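Please read the structure below before turning to the comments.
Just so you know, residue 1 is the first one in the sequence shown, and it goes up from there. Please read these numbers as outputs of a predicted model, since none were measured by experiment.
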Amino acid sequence: QGQLVESGGGSVQTGGSLRLSCVVSTLRYSEYSVGWFRQSPGKEREGVAAIVSDGTTAYADSVKGRFTISQDNTQTIIFLQMNNLKPEDTAMYYCALVFIRLSESALLRPVAFQYWGQGTQVTVSS
């Protein structure tokens, strides 16, 4: 029910762009919240961006104006467009899902999400 598959990670230089994709085949006809999180070695997992089935979005302050979360028309793919990447964006990026509409205050909290993908690595070099 909650299978997620991420793709799109890679290595770029500072200022570059990447688009991550999270395929979730069970989103259609459901209420849901989907978030992108990241974790680098020695650090806690942190919320980056999230989207709710009603269209609500949320972003971490560190990525506002650079990252955009969106959804395709089939409502089965969640994208994270990452522009003007910085070395501090280097991390493993995870897609996560819960089948409820989270409040805005909970959207960037890892504990609020139930299903997780395997992650995709993003590396930004200076």
Side-chain angles (χ1 to χ4, degrees):
Q1 183 180 12
Q3 186 174 10
L4 303 92
V5 179
E6 303 108 327
S7 63
S11 296
V12 296
Q13 292 187 327
T14 297
S17 298
L18 286 172
R19 189 176 78 161
L20 306 183
S21 298
C22 175
V23 178
V24 190
S25 60
T26 54
L27 281 184
R28 198 179 298 182
Y29 311 126
S30 302
E31 292 193 332
Y32 57 84
S33 301
V34 175
W36 282 99
F37 296 82
R38 65 187 181 188
Q39 187 169 21
S40 51
K43 294 187 177 181
E44 292 186 355
R45 190 168 295 189
E46 63 173 348
V48 176
I51 189 166
V52 184
S53 49
D54 65 1
T56 301
T57 58
Y59 295 92
D61 288 342
S62 60
V63 306
K64 282 181 181 177
R66 300 189 298 124
F67 291 11
T68 303
I69 191 168
S70 63
Q71 190 168 23
D72 76 319
N73 291 335
T74 67
Q75 295 183 295
T76 58
I77 308 175
I78 305 295
F79 299 106
L80 184 67
Q81 177 67 43
M82 305 187 295
N83 298 327
N84 191 22
L85 283 161
K86 305 175 180 180
E88 51 264 42
D89 295 318
T90 295
M92 183 71 78
Y93 282 70
Y94 299 90
C95 179
L97 164 70
V98 62
F99 284 106
I100 59 173
R101 289 191 291 172
L102 292 171
S103 64
E104 193 165 347
S105 62
L107 278 173
L108 298 181
R109 298 180 61 200
V111 296
F113 289 81
Q114 182 175 6
Y115 301 99
W116 291 81
Q118 295 300 305
T120 184
Q121 178 67 37
V122 171
T123 302
V124 185
S125 58
S126 57

From CD (Gln114) to OG (Ser33), nearest 0.5 Å: 12.0 Å
Could you pull out the closest heavy-atom pair between Ala60 and Gly47, with the gap in Å? CB-O, 3.4 Å
Of the non-hydrogen atoms in Leu18 and Gly8, which two are nearest, and what is the gap between them? CD2-O, 3.8 Å
Evaluate the criterion side chain to side chain contact (heavy atoms under 4.5 Å, CB included) for residue pair Asp89 and Phe67; output intermediate values, then yes/no. CA-CA 11 Å; Asp89 295 318; Phe67 291 11; 3.9 Å; yes
Looking at Tyr93 and Val48, what are the two nearest heavy atoms and their distance? CE2-CG2, 4.2 Å
Sorted by first residue and then second, give each disulfide (SG to SG under 2.5 Å) pair with at least one member in residues 67-126; sequence neighbours left out. Cys22-Cys95
Any side-chain to backbone donor/acceptor pair from Thr120 onto Ser7? Under 3.5 Å, distance only. no
Mind checking the CZ-CD1 spacing from Phe113 to Ile100? Nearest 0.5 Å is all I need. 9.0 Å
Just how far is it from atom OG1 of Thr123 to atom CE of Met92, taken to the nearest 0.5 Å? 8.5 Å
Hphob cluster co-occupancy, Leu20 + Val12, side-chain heavy atoms under 4.5 angstrom: yes
Does atom CD of Glu88 have more than 12 heavy-atom neighbours from other groups under 6.0 Å away? yes
Only pairs under 3.5 Å count here: list side-chain donor-acceptor contacts from residues 77-87, not counting sequence neighbours, and write none if there are none.
unit_1	atom_1	unit_2	atom_2	d
Gln81	NE2	Asn83	OD1	2.9
Asn83	OD1	Ser17	OG	3.0

Over all atoms of both residues, closest heavy-atom pair of Tyr59 and Lys64: O-CE, 3.4 Å
With under 30° as parallel and over 60° as perpendicular, where do the rings of Trp116 and Phe37 fit, or are they tilted in between? tilted
Applying a strict under-4.5 Å side-chain criterion to I, L, V, M, F, W and Y, I'd like to know whether Tyr94 and Val24 cluster together. no
Write down the atom of Ala58, the atom of Leu107, and the distance for their closest heavy-atom approach. CB-CD1, 3.8 Å
Distance from Gln121 atom CD to Glu6 atom CD, nearest 0.5 Å? 12.0 Å
Please name the pair of heavy atoms, one in Val124 and one in Thr90, separated by the smallest distance, quoted to 0.1 Å. N-OG1, 2.8 Å
Find out if a path of hydrophobic residues (ILVMFWY) with successive side-chain heavy-atom gaps under 4.5 Å connects Val98 to Val34. no
Heavy-atom neighbours of Arg66 CZ exceed 12 at 6.0 Å: yes
Look up atom OH in Tyr32 and atom CG in Asp54, then write down how far apart they are to the nearest 0.5 Å. 9.0 Å
Transitively linked via ILVMFWY side-chain contacts under 4.5 Å: Val122 with Val63? yes
